Amino acid sequence: MEHLKSIATTANWSWSILFGYSLLVLIAGCKADQDQSTSPESCVTATATSPSSETLAMIDSVQKAQAAVDPMKVTVFMCAERAQLLKKRAESSEGLNKVNFMVMWGFEELKAGNSEGSIKIFQDVLKLVQPMQIPGKEQTVLEMKKLLALAALRLGEQQNCVLNHTTESCIIPIAPGGQHTKRDGSTMAFDLYKEILQQVPDDLTSKYLFNVSAMTLGMFPEGVPASLRLPEQYYKSKVEFPHFTDIAAEIGFDKRGLAGGVVMDDFNNDGFLDIMASNWGFHDQIHFYKNRGDGSFEDVTMQSGLKGVTGGLNIRQTDYNNDGWIDLFIMRGAWFRDQGRIPNSLLKNNGDGTFTDVTVKAGLYTKRPTQNSVWLDFDLDGWVDLFVGNEAIPDGGPDFNFPSELYHNQGDGTFKEVSAEANLQILAFVKGSTGGDINNDGYPDLYLSILNGNNRLFLNASDEHGIKFKEITTTAHVEEPFVSFPTWMFDYNNDGWLDIFVSAYSDGAEDLPGKVLRAYGKKDDPFRPRIYRNNSDGTFTDMSIPMGLTEPVFSMGSSYGDLDNDGFPDFYLGTGEPNLKSIVPNKMYWNREGKKYDDITYAGGFGNIQKGHGVAFADMDRDGDQDLFAKMGGSFEGDVYQSMFFENPMPHDKQWIVLRLEGVKSNRMALGARGEIEISENGKTRKVYEMVSPGSSFGGNSLQLEMGLGKAEKINAVKIYWPVKGNQPQVLPGLR
Amino acid sequence: MNKAYSIKEGENATFPKSRRRSQIWCRWMERRSERSRIVLSANQRNSYHNTNGNNKLKLQLESLSWRRELHPAAFSAQRKKTHPPLANFAK
C-alpha cells in the first residue's frame, strides 16, 4: 500500500519538499532532478539558474493563493488530508453515520491513489451494512459493490499500467503485452462486476467496466458471458490505418503527472521543436525539455529559471513583445470555482535559455479561474492581444463573478484591459476559446465554448478607435453543444473558409461509459462533438452527423494535425473527464478529403483509456510527418499517468512543406496568418490551407505551418495572408 | 516540396533548407530496434518504474551509455550554441 501511495503522491509533493531547500542550495536541485528526470546526463553538464526576483515574487504569490484554497470546497486535491479527517469522523461515529463517513473516507482514499486502502474500507462497509435493518439496504449494498469493483479495477491499473508500464499498457483493445501480470485487482473487479450485472444487467457503465476488466486479464471475448459481452467490432476501427507506437519512454517523456498542458515549439530558435509541459497540481513543477536534435531531449527546467514555477492546467505560447523568442502563458485556477483565485503567469523568454515572469509588469495580474486564452492581433496593429476565458457562474453571486478579460497590447510590454470598450463583456463558464478570421476580412474573430450555456461567436468589428466585437451567435447557428469544452478553428474541407470544431463535455447526469454505450449505433446524441462548416456568408452548418462524428466524447485535451500528409486535418481527442469510471479511449479521427471522418482509434493504437489532456501535433523528428504528444494524467491527486509520444510511422509517400513565418508589419510570430498553397495533383489543381495557431484551446501545436500536400506533382502558388490591414496576400513564387 | 522555408513578411527571399530527415536523427531512428531491445530488457515487468529507483537508474545509465556511443558530440560539455532567429534548419 505504501508503495502505491508513494506513486500517487510523487507528482504532487516531491517538488514542494524540494523547493523548500533548492532555492537556497542549487546543487541540491541537480540531484533531485536526476531522481525525476530520465536524463541523468543533464546533471553532468547543467548549471542551475535561479529564478529571477520577478519570478520568485510570482511563485510566492501563486503559493499564497493556493494556500488560501479551502480544502473542503474542492474535490480534486488534498484527498489524502480529507481522507484522514473523514477517517476520524467515521471512527467516532455509530450506525448509519459511521457507514456514511466510511464511504466518503474510502472514496477520498481512492482519489488519493490508495486503492488498496479504499478496498479494505469498502469491504468493511459491506460487513457493517449486511446485518443492518435499514431502508434501501439492497441498493446500498449494490452501490458499495460498485465502489469496491471500481477500487479493484483502479488497483489493477496502478499495479500494471502505471507501475509496470509497457507501450501497450491501457491501450484498448489491450494487446497481450498490455495485459495485467499483477492480476489481483482486475480479477476482483471482474468477479464483482459479474455479480453486479446479475442483479442489474442493464447497468451499462458496469457492463463496460466488466468488459475492460476482462480485457486486462486476457479474457475478452471468450471469458465474458455472451449476454454481457460488448460486440468485438466495438473495439475495431472500420478502416485500416498504420499502428502508432508510444515511444515516450525511449526519448525521456514518460514522466508521470496529473492533467496539464503542453506546448511543442522552438523556444530556443535552433530550428528544433522543444516541449514545455505543465501539471495542474499546486506543487507540480512545469517542465521544459530541450530538443537536442539527435533524437534525445534534455530536461533544462532548472537551467531556465523556472524552478518553482508550478501548476497550470493549460499553457500557451506567444510572442507578446515581438522579440522573436517564444514566451509562455500559464493558466491556473480552472475548475476551482470560487476557490480558483490563482493568478496566471506570463513568462518572457529572455533569449538566453531563461525565462522571467512579467505578469505584474505587463498588467496581466488578476486572480480568476482560467483555463483558456487566445493570443491574436485583434486590431492588426502588429502586436498580439490577449483574450482570457474565465470560469464564471452568471447567477452564482459575487463569489463566482469572474468576468473574462480582453487585453490590448500597448506595444511597450504592457497591456490594457478593454473588454468593455470592445463590447466583449463575458460572464460565463468559458471552457474553451479560439480565434481566426471566419469572414476573410483580415481581422481575427472569436469563438467561445461555454460549459452549461450556449457557445458564442463574435465578429471582429475593430476600427480606428480600437478593438470592437459584434456577437453573431444566433444568426451563425453555432450554439451547441450546451455543455462544451475544447474548441478550435481550422479549414477541415480546404474551401478557404475557417470552420469551427467544438467538443462536448459531461453534464454529470450519466457516467461516460454508460453514455457511450447508450449512444452506440445512434447518430444524434446531443453530446456528440460539433463541426460547423463555414457557409462563407456568416452562417455555419452543423456537419457532425454527415461527417461521422456521432459518438459522445467527453474530451478535454485535444488538437488537430495531418497524420497522413493529405492536406486535410485529422484530430485527436483526449478523454480526460476526472471521474475514475471514465476509462474510455482517447480518440483519433482521420479526415477523408474533407468529406467525412473515420474513427481510427483502435487501428492506430491511440485508444489509451487513461486521462488525456494537453495535446500537440508537430514534426518533432523533422522527417516530414507530424508526431503526437499527449499529456496524460487525471485530475484527482492519485490519478497520475505517463505522457505519451507517438512517432509517426506513416510511409513517406506524400509531399509536404514547412513554412516558418516571421512578421514584420504583422506580429512577429505571425499568429493568425494563413498559408494557401495551390498544388497540381493527379492532373488536377487543389488548394491546401493552414493557419498559424497553437491548435485546440487545450492543445499546443507548433506555430510553424506544417502542411501536407498529398500526391502533389508541383506547387503552383504559395500565398501568405499576413494579419495586417489591407488583407492582401503575399505571393511567393519561388517555392517549389 | 519536402523542404522547410523561413519566410519574412514582405520579402520574397526564401531560405530552402534540405529537411529530409536530419542525419543525426535519422541514424537514431534507424537504430530504434537496437535501442528498443535495450529498453525492453530493462523494461521487464517489476523492474521498470520500480520506485526504489535502482532499476530505473540502471535503465537511464544503459540509455546514456548507448547515446554516448552513438552521439559523442551531444555530450560535449560546451556544445556550440547558436540562435539565429528562424533560419537554422540546416543541422
Side-chain angles (χ1 to χ4, degrees), chain A residues 3 6-7 10 34-35 38-41 44-45 160 162-166 181-182 247 249-250 252 268-272 292-296 324-325 351 353 621-624 647 655-666 670 704 709 712 714-715 720 722 724 730 732-736, chain B residues 1-14 16-17 19-22 24-29 32 35-36 39-40 43-51 53 56-57 59-61 63-64 67-68 70-71 73-79 81-91:
Chain A
H3 183 58
S6 70
I7 288 297
T10 291
Q34 181 171 322
D35 293 337
T38 53
S39 302
E41 62 273 27
V44 177
T45 58
N160 295 274
V162 179
L163 288 175
N164 296 302
H165 183 77
T166 76
T181 53
K182 290 183 179 298
I247 63 165
E250 295 179 44
N268 58 0
N269 281 335
D270 65 353
F272 293 97
R292 287 177 168 141
D294 62 358
S296 68
W325 298 92
D621 55 0
R622 298 170 33 139
D623 66 348
E647 196 271 332
Q655 315 297 336
W656 53 270
I657 193 168
V658 173
L659 305 178
R660 183 121 196 175
L661 306 185
E662 182 180 347
V664 176
K665 290 181 181 174
S666 52
Q704 63 186 18
L709 302 177
K714 66 170 184 172
I715 292 175
I720 305 296
W722 298 93
V724 288
Q730 178 182 352
L732 295 148
L735 302 188
R736 291 190 276 277
Chain B
M1 288 182 288
N2 303 336
K3 294 173 185 170
Y5 295 86
S6 291
I7 300 171
K8 198 167 184 176
E9 183 179 3
E11 296 181 13
N12 262 345
T14 59
K17 303 287 183 185
R19 198 169 173 275
R20 194 69 189 174
R21 282 188 181 272
S22 72
I24 295 174
W25 191 295
C26 187
R27 285 202 299 277
W28 186 79
M29 297 307 285
R32 275 274 299 277
R35 188 177 63 261
S36 294
V39 171
L40 287 174
N43 193 19
Q44 295 303 309
R45 293 172 184 277
N46 305 324
S47 62
Y48 187 56
H49 286 311
N50 188 323
T51 48
K56 188 167 185 182
L57 183 60
L59 167 65
Q60 290 170 342
L61 292 173
S63 174
L64 177 64
R67 286 183 193 166
R68 280 187 193 283
L70 267 189
H71 311 301
F75 291 88
S76 164
Q78 297 293 329
R79 293 179 65 205
K81 197 174 180 183
T82 55
H83 298 295
L86 308 180
N88 186 12
F89 287 104
K91 291 249 171 174

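Keep in mind it's a predicted model, so treat the numbers as computed, not measured. Letters A, B, ... are given to chains in the order of the sequence lines, protein chains preceding strands, and every chain is numbered from 1.
Looking at A:Leu659, the atoms closer than 4.5 Å to chain B (heavy atoms on both sides) sit in the backbone and in the side chain alike. For a residue to count as touching a neighbouring chain, one of its non-hydrogen atoms must lie under 4.5 Å from one of that chain's; by this rule A:Ala670 does not touch chain B.
In terms of heavy atoms, A:Gln730 sits closest to B:Lys8 at NE2-O, 4.0 Å. Looking at every heavy atom in both residues, B:Tyr5 comes nearest to A:Ile657 through CE1-CD1, 3.6 Å. Taking all atoms of both residues into account, the shortest heavy-atom contact from B:Glu9 to A:Ser666 is OE1-OG, 2.6 Å.
Put simply, the side chain of B:Asn2 never gets that close to the backbone of A:Gln655: no donor and acceptor are under 3.5 Å apart.
Between A:Arg660 and B:Ile7 there is no side-chain heavy-atom pair separated by less than 4.5 Å.
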Worked check of side chain to side chain contact (heavy atoms under 4.5 Å, CB included) between B:Met1 and A:Ile715: CA-CA 7 Å; B:Met1 288 182 288; A:Ile715 292 175; 3.5 Å; yes
